[in-house]
Amino acid sequence: MRDLNYITVGTKIKERRKAVGRTQEFLANALDVNASHICNIEAGRSSPSLTALVNIANAFAELSKKAGIYGMVGGQTVDVTLTGKSIDE
């Protein structure tokens with residue numbers, strides 16, 4: 001089994017955070033951690049726990065829902081704001 005590349009993980013987290021227009025401080029507050037911890041994760045200097053990764057993913061999912069960002073579920077494009085309609089409807 002290959003080791004997880006924490007620099008790549010951190011870069012992806014940083015890219016996603018910037019894509020949703022949030023600061024490290026915002027994400028840190030959402031996760032109840034210090035902003036320096038988010039900085040270290042994004043720079044690959046810290047290895048996030050599985051719990052931290054799940055919490056980060058959940059925070060991004062929640063931000064996406066609030067922003068009305070669309071995603072793919074089972075190969076179908078859906079509105080993640082939970083309107084119950086696909087984009088095609």
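Treat the numbers as computed from the prediction; the structure is a model and nothing was measured.
- Within the 4.5 Å cutoff, no side-chain heavy atoms of Val33 are placed close to those of Leu27.
- Looking at every heavy atom in both residues, His37 comes nearest to Ser46 through CE1-OG, 3.5 Å.
- Proximity of Asp32 to Asn55: side-chain heavy atoms (C-beta onward) are nowhere separated by under 4.5 Å.
- Of all the heavy atoms in Arg17 and Arg22, the pair that sits closest is NH1-O, 2.8 Å.
- Atom CD of Glu15 is separated from atom CD of Glu42 by 10.0 Å, given to the nearest 0.5 angstrom.
- Remark: the backbone N or O of Ile7 is paired with a side-chain donor or acceptor of Asn5 at under 3.5 angstrom.
- Distance CZ/Phe26 to CD1/Ile38: 11.5 Å, rounded to 0.5 Å.
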With side chain to side chain contact (heavy atoms under 4.5 Å, CB included) as the criterion, how do Phe60 and Ile13 come out once you've worked through the C-alpha distance, each side chain's angles and the decisive distance to 0.1 Å? CA-CA 9 Å; Phe60 287 146; Ile13 290 170; 4.3 Å; yes

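- Side-chain atoms of Cys39 and Arg45, non-hydrogen and from C-beta on, do get closer than 4.5 Å to each other.
- In the hydrophobic clustering of ILVMFWY residues, with side-chain heavy atoms under 4.5 Å counting as a link, Ile41 and Leu53 come out together.
- Once rounded to the nearest 0.5 Å, the distance linking CD1 of Ile56 with CZ of Arg16 reads 12.5 Å.
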